[in-house]
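The structure appears below as structure tokens.
Chain letters run A, B, ... following the sequence lines, proteins first and then strands; every chain starts at 1.
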Number of protein chains: 2
Amino acid sequence: MQDKLMLMIPGPTPVPEAALLALAKHPIGHRTSEFSNILAEVTENLKWLHQTQSDVMLLTTSGTGAVEAGMINFLSPGDRILVGCNGKFGERWAEVGEAYSLNVERITAEWGQPLDPQAFAEKLEADKEKQIKAVVVTHSETSTGVLNDLETINRHVKNHGEALIIVDAVTSLGAVNVPMDAWGLDVVGSGSQKGYMIPPGLGIVAVSPKAWEAYKTAKLPRYYLDLGKYRKATAKNTTPFTPPVNMIFALHATLRMMKQEGLDGIFTRHQRLMQATRAGIKGLNLPLFVSDDCGSPAITAVAPAGIAADQVRAIMKKHFDIALAGGQDHLSNKIFRIGHLGFVSDRDILSAISALEVVMHELGYENFTPGAGVAAAARVFAQS
Amino acid sequence: MQDKLMLMIPGPTPVPEAALLALAKHPIGHRTSEFSNILAEVTENLKWLHQTQSDVMLLTTSGTGAVEAGMINFLSPGDRILVGCNGKFGERWAEVGEAYSLNVERITAEWGQPLDPQAFAEKLEADKEKQIKAVVVTHSETSTGVLNDLETINRHVKNHGEALIIVDAVTSLGAVNVPMDAWGLDVVGSGSQKGYMIPPGLGIVAVSPKAWEAYKTAKLPRYYLDLGKYRKATAKNTTPFTPPVNMIFALHATLRMMKQEGLDGIFTRHQRLMQATRAGIKGLNLPLFVSDDCGSPAITAVAPAGIAADQVRAIMKKHFDIALAGGQDHLSNKIFRIGHLGFVSDRDILSAISALEVVMHELGYENFTPGAGVAAAARVFAQS
């Protein structure tokens with residue numbers, strides 16, 4: 001049905017009306033007091049969302065550009081870094097490090113399994129000469145729906161004392177607690193099309209004072225991604241390069257919505273959406289790809305053993321106009337991913353789970369009691 | 001008056017309704033055939049606009065990010081490059097080169113004067129060992145409103161044979177003829193908030209086969225700005241990183257409008273807008289900052305000797321809701337700039353010139369016959 005699309009992919013996520021209308025406004029000049037006032041409020045609210053007093057900066061990039069900036073501004077060629085790799089995005093940060101001639105050491109786990117904090121602890125404790133300059137961790141691994149144990153990994157980084165902790169928070173920020181200052185995170189990168197509830201087109205990077213110290217001696221080349229320029233401009237409520245004015249109008253609108261819901265409200269809602277989704281999938285007797293103790297509140301991956309995942313997605317789209325994400329790389333056609341991140345309500349989960357029941361039925365999969373999926377999800381909502 | 005703003009700055013430029021409404025659409029998944037179809041048409045139309053058969057790629061960056069990508073993908077540390085510097089943007093590309101440890105040689109001219117093609121010729125002819133790897137030229141220098149003689153400079157680069165010609169076409173593409181293939185331009189970078197008639201947030205880079213040859217051995221580090229990744233993805237009607245979906249919806253709409261107007265129509269219109277603006281300014285007896293033979297069809301700068309340029313801008317904004325741009329760096333408060341680029345019609349020039357007459361009158365400047373500005377502009381429109 002035309003224009004009836006329901007996005008349940010982990011980005012772009014659904015966009016509320018207030019943001020869509022803001023996008024449709026005539027742009028204004030970006031070197032004006034009107035724009036500075038908007039930017040000042042946006043920056044304040046980004047600090048609130050990151051739970052930080054440090055600098056939070058907006059870049060015209062995707063999330064990848066934001067995390068790359070978060071790496072290359074604080075390191076020099078040959079620097080040793082540890083990169084957690086248990087999915088497509090962890091692997092991407094290792095590739096970024098290699099593209100810049102860093103000495104990259106991967107800490108791996110199977111895709112679908114969480115990173116083992118102990119593996120980081122061992123490397124960090126053995127590094128008596130403090131040669132490890134940074135540890136890069138993908139908090140919520142979008143490609144699998146694993147939430148890595150950032151808090152524990154970060155504790156080991158803090159024990160090391162020297163290394164920076166650089167976090168890909170692209171699908172965790174605005175869904176899960178990421179208390180930057182309380183945990184002492186050094187760099188937190190994210191993207192607009194996720195918890196922020198606006199379309200793709202803006203990268204966000206937050207930087208701690210410790211990382212700014214490292215910036216002073218970091219030698220990797222950069223200009224457009226030079227965060228020092230963004231810091232200086234942000235302090236004056238402006239931007240070093242022409243910003244995506246309309247995207248910032250939209251972010252202005254959604255950050256106000258987020259503040260109104262409150263951090264606790266946002267985190268509790270995403271927790272509930274995850275629990276209901278997982279319960280619904282279990283009710284349909286479908287195998288979850290990630291175990292309960294490390295499921296991401298942003299994305300749930302399902303491995304419909306024996307059934308082509310892409311066929312499930314195709315029928316969900318065709319019959320119900322619900323867009324699910326597929327598996328990436330070797331998980332292609334093996335899993336489908338349900339995004340429940342950002343502007344998503346309890347109602348959306350009920351729609352998705354009940355539609356999925358119909359689709360599985362259509363595919364000849366009858367290994368569940370009719371209505372059991374939605375009943376299990378409903379039970380979660382009734383209890384919370 | 002609220003929401004009555006008329007943008008006459010050189011970016012963001014006014015945005016037509018079709019693009020605003022496209023921005024306000026719900027995003028769709030970027031890994032879908034629906035999005036690929038849109039991207040395929042956008043890419044075809046970008047090739048039409050660039051008058052090229054080569055690759056044209058979309059980046060989530062500002063214009064600066066696009067031109068930086070256009071430099072760093074084809075060069076290695078220590079490479080000698082010539083950079084034309086006669087304004088803020090030329091100077092910026094020299095800084096980019098320095099940030100990446102290139103051996104940068106500036107070919108300078110006073111701000112407001114055009115680059116001297118002969119100065120390039122001398123350097124290029126003297127380079128018998130073919131050490132000059134690239135020549136970077138800002139076609140339309142946005143900071144001053146000078147249109148540099150790209151065609152002649154490029155002819156000298158072609159005579160050299162080795163060096164790439166890298167063009168900042170940010171405020172020339174979509175306003176002035178930039179026949180990429182006919183002239184043999186190697187890299188052409190631009191930004192969405194100019195001739196493309198959409199808000200800021202997209203960078204566009206076109207790359208010739210000769211530049212792709214240089215790419216194979218170029219050693220400057222990059223990942224997010226690695227054009228090889230964009231080339232590979234674009235060939236499959238997709239993008240290497242999440243694209244700004246809504247911005248591409250908008251570009252889809254405006255490129256159709258541009259095709260309908262036709263290249264000749266677009267270039268003739270901008271030529272006429274420039275001539276009428278310049279005639280109007282002369283009619284008001286105000287000094288043009290740039291001489292007739294090198295005025296940019298995108299921007300006209302005025303140096304209102306004896307009157308603070310920012311005061312003119314302030315009253316234009318306050319009384320008429322017309323936004324003009326100021327001078328940058330040492331030209332601050334010395335000039336104001338009238339943008340007539342993109343979605344601008346003859347009517348807009350009449351409004352601006354007649355409003356300017358009122359403002360100059362309010363500022364006590366009476367050195368013109370009442371109505372002479374608008375009469376001179378009108379004469380241009382009547383004749384063309």
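- Chain B forms the most heavy-atom pairs under 4.5 Å with one residue out of Arg92(A), Gln193(A), Glu98(A), and that residue is Arg92(A).
- Using a 4.5 Å heavy-atom cut-off against chain B, no residue of residues 309-316 of chain A qualifies as contacting.
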Criterion salt bridge (Lys or Arg N to Asp or Glu O under 4.0 Å) on Arg106(A) and Glu91(A), from CA distance to verdict: CA-CA 8 Å; Arg106(A) 287 170 171 77; Glu91(A) 186 52 41; 2.8 Å; yes
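- When the ring-ring contact (aromatic ring centres under 6.0 Å, His included) test is applied to Tyr230(A), the partners found at least two apart in sequence or on another chain are Phe241(A).
- A salt bridge does not link Glu68(A) with Arg222(B): none of the charged nitrogens is closer than 4.0 Å to a carboxylate oxygen.
- Side-chain contact check for Val170(A) versus Phe89(A): every heavy-atom pair is 4.5 Å or farther apart.
- Each of Val245(B), Leu58(B), Thr234(B), Leu251(B) was scored for a side chain to side chain contact (heavy atoms under 4.5 Å, CB included) with Leu39(B), with one residue passing: Leu58(B).
- The closest side-chain heavy-atom distance from Leu75(A) to Ile81(A) is below 4.5 Å.
- Counting heavy-atom pairs closer than 4.5 Å to chain A, the top-ranked of the candidates Pro200(B), Ser101(B), Gly65(B) is Pro200(B).
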As a quick check of understanding, evaluate side-chain hydrogen bond (donor to acceptor under 3.5 Å, both in side chains) for Thr171(B) and Ser140(B), giving each step before the final call. CA-CA 6 Å; Thr171(B) 53; Ser140(B) 166; 2.9 Å; yes
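- Of all the listed residues (Ala22(A), Ala24(A), Gly201(A)), the one sharing the greatest number of non-hydrogen pairs under 4.5 Å with chain B is Ala24(A).
- When each of Pro221(B), Ala69(B), Ala19(B) is scored by its heavy-atom pairs under 4.5 Å with chain A, the top score falls to Pro221(B).
- Heavy-atom distances place the side chain of Lys317(B), and not its backbone, under 4.5 Å from chain A.
- Looking at Lys88(B) and Glu95(B), no side-chain N of the basic residue comes within less than 4.0 Å of a carboxylate O on the acidic one, giving no salt bridge.
- No side-chain heavy atom of Leu23(B) sits under 4.5 Å from any side-chain heavy atom of Ile198(B).
- With a 4.5 angstrom heavy-atom cutoff, Gln328(B) does not touch chain A via any of its atoms.
- Applying the side-chain hydrogen bond (donor to acceptor under 3.5 Å, both in side chains) rule to Tyr224(A) yields no partners; only residues at least two apart in sequence or on another chain are considered.
- Chain A forms the most heavy-atom pairs under 4.5 Å with one residue out of Gly326(B), Pro243(B), Ala323(B), and that residue is Pro243(B).
- Defined by atom type and a distance below 3.5 Å, a donor-acceptor pair is missing between the side-chain atoms of Thr60(A) and Thr61(B).
- Residues of residues 9-17 of chain A that come within less than 4.5 angstrom of chain B, heavy atom to heavy atom, are Ile9(A), Gly11(A), Pro12(A), Thr13(A), Val15(A) in numerical order.
- Of the listed residues (Thr64(B), Leu202(B), Ile72(B), Leu220(B)), the one with the most heavy-atom contacts under 4.5 Å to chain A is Thr64(B).
- Cation-pi contact between Lys229(A) and Tyr223(A): present, with separation from the ring centre below 6.0 Å and deviation from the ring axis of at most 45°.
- For Asp3(B), the part sitting under 4.5 Å from any heavy atom of chain A is the side chain, from C-beta outward, and nothing else.
- The two atoms that bring Ala134(A) and Ile166(A) nearest to each other are CB-CD1, 3.9 Å, heavy atoms only.
- Note that CG of Leu7(B) is 8.5 Å distant from CD1 of Ile28(A), once rounded to the nearest 0.5 Å.
- If you measure heavy-atom distances from Pro240(B) to chain A, the contacts under 4.5 Å come from the backbone alone.
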